[in-house]
Amino acid sequence: MSTPAILLVDDEPTIVMSLEFLMRKSGYQVGIARNGTEALAALSQTPYDLVLLDVMMPDVDGYQVCRQLRQNPARAATKVIFLSAKSQPADVQKGYDAGADLYIPKPFSTRQLMQKVRELLGNE
Amino acid sequence: MLFVAGLFAVLLNYPLLAAFDHAGRVAGVPVLYLYVLLTWLLLIGITGWLVRGER
Amino acid sequence: MPQLLVIAFSFGYLALLFGVAYAAERRSAARKSLVANPYVYALSMAVYCTAWAYYGSVGRAAHQGLGFVGIYLGPGLLAPAWWLVLRKIIRVCRQQRLTSIADFISARYGKSAALGALVTGVCVLGVVPYIALQIKAIASSFVVLTGGQEAGASGAALFAAGTLAVFTILFGVRSVEATERHEGVVLAVALESLVKLLAFLLLGAFVTFGLFGGFADVFDQAAAVPALRQLFTLKGTGTTGAEWLTLLVLSMSAVLLLPRQFQVAVVENVDENHLRKAMWLFPLYLLVINVFVLPIAFGGVLRLGGRGFDADTFVLALPLATGHSWLALLTYLGGLSAASSMIIVETIALSVMMSNHLLMPLLVRVPATRPEGQRRWFAYLGRIALTSRRLAVVLVLALAYGYYAGVGRQLPLVNTGLVSFAAVAQFLPAVLGGLYWKGGTRRGATLGLLAGFGVWFFTLVLPTLVGPGRLPVSVLSDGVGGLGWLRPGALFGLDGLDYLSHGLFWSWFFNVGLYVGLSLAWPPSALELRQADVFVDVFRRRSLAEEITGWQGSTPLPDVRALLLGFLGKRRTNQALRAFAERFPDALSFTSDQLTVNSSQPSPTEQSAPSKLTTDKEKLTSSPVHQFTTATTSPPHQLTANAADPRLLTYAEKLLAGTLGPASARLLLASVAGAEEISYDNVVGILKESQQLLEANRQLHKQRRQLQRLTDELRQAYDQLQVLDQQKDEFLYTVTHELRTPLTSIRALAEILADNPDLEVEERQHFQLTIGREAERLTRLISLVLDLEKFESGQASLVRTPLGLAEVVAEAVEAVAQLARERGTELRVDVSASLPSLPADRDRLMQVLINLLSNAIKAAVPGRPGRIAVLAWPAADALLLCVEDNGKGISLAEQHQIFDKFFQAQNQTMRKPEGSGLGLAITKKIVELHQGRIWVESAPEQGARFFVELPLAVPARAAAPFSPSFLP
């Protein structure tokens, strides 16, 4: 089994930086997208195992990215975790409706996040 | 309508009437005669219009 | 012209009138009224234009120029007010079944029989000469037309009076109930109005355009004659302002109060809404009929002057003298129309008044002494009422003829008419006061009228009686009994007014003075109080049910029924009682078939005996006040089969008033039925109650309106609050979201540092620095939010000091220089140091500049070197500052939003590229706090220019919105 590949999508450089550190340390391959458009492009090229997806982004928002991902049968195995500052029940529901596997509000605990990442990838 | 009655009562009385009370003539007709008749006609017109408008 | 032909035409014309009247009555019986439309109504009002208008206007115009117009202008001026005054009179009369001016005044002041008689007396004395005048007009026009001698005039006059008496009796006094309208008469009168108008217009057109070359020609020729040129102006004829005003006022009151006008305008009115059309049609009629008066008068003087013609006869003499005898005949018929219609209507009105107010009050007192055989006596009275009216018609016409034959022949047409106007003008205070002032009393009205009438006689009539064989001239020159202050033409030494104005002034002076004075001095009686309420508040009561009954106690029903039977007959009585039972089902506790009077019923005398007993018992057991409340609650056991409800008495009284007049009806009911009149205290109590009810109702209405307004305001405020609340929610939501982003970084990095003690030093330092930066960002954000909150709540204050803009700009540029260098942005500043100093808060202004500059730096398009320019220049009373960049620009739609806080909140999942979203909002607040303006000019990919305008002087008033915080 090859090393799982994870795509980090966020427009906040510091968040991307910390997430990248965490993922690499856990031994995953990491891809980075700074906005929705980049994310969609990366996803169409690479069959990532997991996407950590921000919602609020300058161009295409996270929900749209997730929905488009779910429409691609070739990416059915890709897991999606939303990481968002939008934490209201309606936002969370919207995330799951878009096809997310998990929705974690910011700010999050890194330990919990890694736990969930491992769980999602382990189930594969 | 009370106002109209009052207004024309003033228009058709002294001292305003005196302003037209001179020997001049317009188109051959004495000014006073013309003034009184035309003002009167105006009053009738306004009354008719007011009454119609209230219907 | 041959006498026979003229007579034939006269009778033919009168026969036509008979036919028209007859047809109208037939149609009326078949319920297809010809009269129930506003045009007939307006035309019938034109009965105002009598033969006096027809012949006399020309006569007066020939001597006094335009003065004649006043008599027709007055009604025209008053017409717009009819909707208020005349409609009220009509409404009152319909409700109270009043049929004459005497009824009206008598009913208003406590149904006083004496007052009714007085009004009738004044009317007869004042109007009979006026009728005589019409007879004279017919007679003398006949003489002029036939070219006969004066001697023939008396015969013509007699014939005319006789024929008109027959007509009037046939069509005017057919029924005893005067509230039944006289459709035949009205239609005939309307037709006559049309005839006289057409005839006069035809003649006018003939004179103006036939004999002369149009209006201008008539006036041109008249202007050549000095005596006529004088008539062009009122000054020239010596008509003073007072005289003009007197004419207007007299005619205004006459058109309301003359018995014949009251008859056609009020009694014969079918529908109040007809008034709307009449209000302008009638004045128009008057205007049209007067257009040709002056040309005819001048034409007459020019053509016939010096031939000994009386100016009053110009109307006939002009066509005759020029050989147009058919036109003369037509004109004569017009004059006959004018005279006969006036005579007919006036006589009807007078006859009803005389019968109701002079005869009936005497007769109805009789039966009180003979209680048995009442019913027969009532029926007999009913017949007498009718007969007396017919007799009154004959009497009035006989009087008029006598007056004409005796004194009237010498009088000119106009003067008699005006004196007659002045007589009825004496009613004006009592009528208007009665309509609008509840305080007017019988005593005041009676004595006022009496005094006014006395003065009228002294100042206006007495001078006409002076002459050989009558009164000595010394009465005029030296005063009565040689007393100088008793001269009829200058009473109490009042000199300098013309005859008419003088008379009207003094008569009204005493009339109004006594009316108001006495009314204030003595309180009104119960009945007067009630009637005042009914009259003045007529529009405020919707139904008769709200009206206060004027009776208390119980009257045996059979007595009331017998009374009605006698006057109205079986059919009408049953109809009326059924109608009453339908309206007040609770008032009569027996079935309607018991109401019907059939022959098998026991006679009233047999039944009245036991019923009296029960009513006596009731009187003992129940107080008057309690009796009164039965009108509304009416427990059935109290209304035994034969006791009449007070409301029934009121109803019966009204029915009888239509026949006998209000005073007689009341007297009759009171004496015959033995009913008790309501006491003063009761009336006052009930009036107060009803006033309070009305008042309470009004208050309720007012309160409801206020509540409604309050509700609306509350709803608006609520809506506003909801909008604000939503904005607040969004704001809060966005703020927390914005706070979460740096917090996320801080927490994640802190956890990483904690969990990875073995990090390389360089990486650890990097993470620690990042944590610091993010914490700073958090702090900035919080202070921005707090700032904004301060601005929004109006608590922000400025510390204004005079600033050099160039210095502040330099400092701001210095602050962002680091950022600009990082992004490779070029910054150019062009702000002159010689700009006037700006009164502004240094720190706030700095905040604005840094914000704009950093926004401009961040707006740079990646891959293109940013260029920013800061410019400033003075404008009128202000400094303009501009920050210009070559960045990615702002779309037009966004330009409206960028100054809103958290503009991205509108589009919640899309993030604004740079900045917290608060900067421009705060910038705008600061600029506005300085009473300046900020706006942007930009287009996508074209860069942006932010403009700030700051005033050089602080306008004092503009500080108002923030003033609390400005105060030291």
Side-chain angles (χ1 to χ4, degrees), chain B, chain C residues 38 61 65-66 69-70 72-74 76-85 213-223 229-237 239-245 248-249 252 273 275-288 290-291 293-295 298:
Chain B
M1 278 191 274
L2 215 52
F3 168 75
V4 173
L7 174 71
F8 278 85
V10 173
L11 278 180
L12 285 171
N13 249 308
Y14 283 93
L16 257 181
L17 203 58
F20 293 88
D21 198 10
H22 56 78
R25 285 189 292 157
V26 174
V29 183
V31 185
L32 180 68
Y33 187 59
L34 212 58
Y35 169 74
V36 169
L37 288 189
L38 289 183
T39 315
W40 192 357
L41 199 63
L42 186 68
L43 169 65
I44 292 169
I46 290 179
T47 309
W49 183 75
L50 278 181
V51 166
R52 198 166 288 262
E54 269 193 14
R55 193 172 292 252
Chain C
L66 205 54
V69 167
Y72 307 96
L73 201 50
L77 283 178
L78 189 66
W82 279 1
W83 193 245
L84 299 175
V85 181
F215 285 106
D217 187 40
V218 181
F219 289 116
D220 278 341
Q221 295 198 23
R229 198 170 52 217
Q230 270 194 350
L231 301 183
F232 283 7
T233 61
L234 289 175
K235 260 182 302 192
T237 60
T239 307
T240 61
E243 195 175 350
W244 179 257
L245 187 65
L248 290 185
V249 169
M252 276 183 206
N273 275 317
L275 211 51
R276 291 179 184 276
K277 275 225 166 53
M279 276 165 62
W280 61 271
L281 267 177
F282 175 55
L284 189 63
Y285 183 101
L286 296 181
L287 173 70
V288 169
N290 276 298
V291 166
V293 168
L294 220 50
F298 288 162

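Atom set for the values below is all heavy atoms of this structure, side chains included, hydrogens, waters and symmetry mates excluded. Below, chain A is the first sequence line, B the second, and so on; all start at residue 1.
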Student: Working to the nearest 0.5 angstrom, can you tell me the gap between C:Tyr285 OH and B:Ile44 CD1?
Tutor: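 Atom-to-atom, C:Tyr285:OH and B:Ile44:CD1 are 13.5 Å apart.
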
Student: For a 4.5 angstrom cut-off between non-hydrogen side-chain atoms, does C:Asn290 reach B:Trp40?
Tutor: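 With C-beta onward as the side chain, the pair touches.
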
Student: At a heavy-atom separation under 4.5 Å, does C:Tyr72 approach chain B through its side chain, its backbone, both, or neither?
Tutor: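 Both parts, heavy atoms under 4.5 Å.
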
Student: Heavy atoms, side chains only, cut-off 4.5 Å: are C:Leu284 and B:Leu41 in contact?
Tutor: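 Of all side-chain heavy-atom pairs linking B:Leu41 with C:Leu284, at least one is under 4.5 Å.
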
Student: Let me know if C:Leu286 has heavy atoms under 4.5 Å from chain B in its side chain, its backbone, both or neither.
Tutor: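 Contact with chain B involves both backbone and side-chain atoms of C:Leu286.
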
Student: With a 4.5 angstrom heavy-atom cut-off, is it the side chain or the backbone of B:Leu43 that approaches chain C, or both, or neither?
Tutor: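 Contact with chain C: side chain only.
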
Student: Any chance you could measure C:Arg276, atom CZ, to B:Thr47, atom OG1, to the nearest 0.5 Å?
Tutor: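 These two atoms lie 13.0 Å from each other.
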
Student: Once you round to the nearest 0.5 Å, how far does CG of C:Leu287 lie from CG of B:Leu37?
Tutor: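 It is 6.0 Å, given to the nearest 0.5 Å.
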
